[in-house]
Amino acid sequence: MTTTASASASAPHAAVPVQQQVAELAATLIGSWQEGYLKDRSHAVGALARLRRGAGRESGETPNLWSLIDTGPLHATAAGARPLSEQELVRAENALHAALTLWAFHQQSRGVPMHRRHTRERPGGLGAAVRRLMPADGTDAPVRKRLVRAGTAPDLATLTQRLRDIVALLRSAKTPIPLDYALLAGQLYLWQCPDGPAAVRRRWGRSFHEQLQIRPDTDRNTAPASDENATPDTDKDAS
């Protein structure tokens, strides 16, 4: 969680695209829950348990999460800014629900952070994460095909289910592979916009090839430098 993310989440403004507002709010929410979960705090463990039950399901199917996923910051309007439209709010809520529940499924029983912010040096996008599932000296056609299938999903519900299948692979890797869920939340918002799926597919493809530029010995299945004080990865079944 960053100061910038917290500030933007508390007071969205017209200069910040809705996609970015969604990403920053996701970062703020996950940052708090993730820290608490890794420290075995009961409120965070309980929140993660509730969230993961919604993974792969539409937000309307899980009303018990409405009080947990606080979208209030998206309804706040700074001076001189316009409020988000109903359509923008629906897309934002759908994107947040999908990203947060997928993170909870990914984080379950893992003692290190499964949400890791993307950097140029350590790509955290979906394409990069999928590439890290493959051998350093080649590609794994079935794994790559899952990314392609996600990119060609006909609707958000199908996309979320296909992403859940990818996340299952990321969390079950010999060394679980983290993902930038704030970045994903923003992309899931964009996906719902006109021409959004094509734009998101391009970004996932770019992310896939971006990972190829990172030397395998510096970024393949290793814990992020910022997490050096995290507890060792264990089968954390408390949730």
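The side-chain heavy atoms of Leu188 and Thr160, taken from C-beta on, include no pair separated by under 4.5 Å. Side-chain atoms of Glu35 and Pro113, non-hydrogen and from C-beta on, never get closer than 4.5 Å to each other. Side-chain contact between Tyr189 and Gln21: absent, with no pair of heavy atoms (C-beta onward) separated by less than 4.5 Å. At a threshold of 4.5 Å between non-hydrogen side-chain atoms, the residues Asp165 and Arg146 count as touching. For the pair Trp191/Leu156, a side-chain contact is recorded, criterion being any heavy-atom separation below 4.5 Å from C-beta on. Looking at heavy atoms from C-beta onward, Val45 lies out of side-chain contact with Leu48 at the 4.5 angstrom threshold. Between Leu183 and Leu126, every side-chain heavy-atom pair lies at or beyond the 4.5 Å cut-off. Contact of the Arg91 side chain with the Cys193 side chain is registered, since non-hydrogen atoms from C-beta on lie closer than 4.5 Å.
In this structure, OG in Ser42 is found 13.0 Å from OH in Tyr37, a value given to the nearest 0.5 Å. Atoms CD1 and CG, from Ile69 and Leu51 in turn, are 5.5 Å apart once rounded to the nearest 0.5 Å. Atom CG of Leu29 and atom CG of Leu96 lie 7.0 Å apart (nearest 0.5 Å). To the nearest 0.5 Å, atoms OG1 (Thr175) and CZ (Arg132) are separated by 9.0 Å. The OG1 atom of Thr152 sits 11.5 Å away from the NZ atom of Lys145 when rounded to the nearest 0.5 Å. Rounded to the nearest 0.5 Å, atoms CG (Leu190) and CG (Asp195) are 9.5 Å apart.
Distance alone, capped at 3.5 Å, places no donor-acceptor pair between the Arg149 side chain and the Arg162 backbone. Under the 3.5 Å distance criterion, the side-chain polar atoms of Gln34 are left unmatched by any main-chain donor or acceptor of Gly31. Using a distance-only test at 3.5 Å, with no hydrogens or angles considered, a donor-acceptor pair links the side chain of Thr101 to the main chain of His97. Proximity of a side-chain donor or acceptor of Thr71 to a complementary backbone N or O of Leu74 within less than 3.5 Å is not detected.
In this structure, Met134 is not a member of the same hydrophobic cluster as Val148, with clusters built from ILVMFWY side-chain heavy atoms closer than 4.5 Å. Under a hydrophobic-cluster definition in which Ile, Leu, Val, Met, Phe, Trp and Tyr are linked whenever side-chain heavy atoms come within less than 4.5 Å, directly or via other members, Ile166 and Val200 are assigned to the same cluster. Under a hydrophobic clustering in which Ile, Leu, Val, Met, Phe, Trp and Tyr are joined whenever their side-chain heavy atoms come within less than 4.5 Å, directly or via other members, Leu179 and Leu169 fall into the same cluster. Leu38 is connected to Ile177 through a chain of hydrophobic side-chain contacts under 4.5 Å among Ile, Leu, Val, Met, Phe, Trp and Tyr, so both are in one cluster. Linking ILVMFWY side-chain heavy atoms closer than 4.5 Å, directly or via other members, places Trp204 and Leu102 in a single hydrophobic cluster.
The nearest pair of heavy atoms linking Phe105 to Arg171 is O-NE, 2.9 Å. Smallest separation of non-hydrogen atoms from Ala182 and Ala26: CA-CB, 4.1 Å. For Ser207 against Gly127, the heavy-atom pair with the smallest separation is OG-N, 3.4 Å. The heavy-atom pair separating Ala47 from Leu68 by the smallest distance is O-CD2, 3.7 Å. Here the closest non-hydrogen pair linking Arg50 and Leu65 is O-CD2, 3.4 Å. A pairwise comparison of heavy atoms in Ala129 and Leu170 identifies O-CD2, 3.7 Å as the closest pair.
Tyr181 pairs with exactly one of His106, Gln107, Arg117, His115 by the side chain to side chain donor-acceptor pair (under 3.5 Å) rule, that one being His106.
For Arg41, the CZ atom counts as densely surrounded, since its 6.0 Å shell holds more than 12 non-hydrogen atoms of other residues, nucleotides or ligands.
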Stepwise side chain to side chain contact (heavy atoms under 4.5 Å, CB included) check, Gln192 with Gln87
CA-CA 10 Å; Gln192 301 169 79; Gln87 186 178 55; over 6 Å; no
Residues Gln19, Val22; criterion side chain to side chain contact (heavy atoms under 4.5 Å, CB included); working and verdict:
CA-CA 5 Å; Gln19 178 186 351; Val22 170; 5.9 Å; no
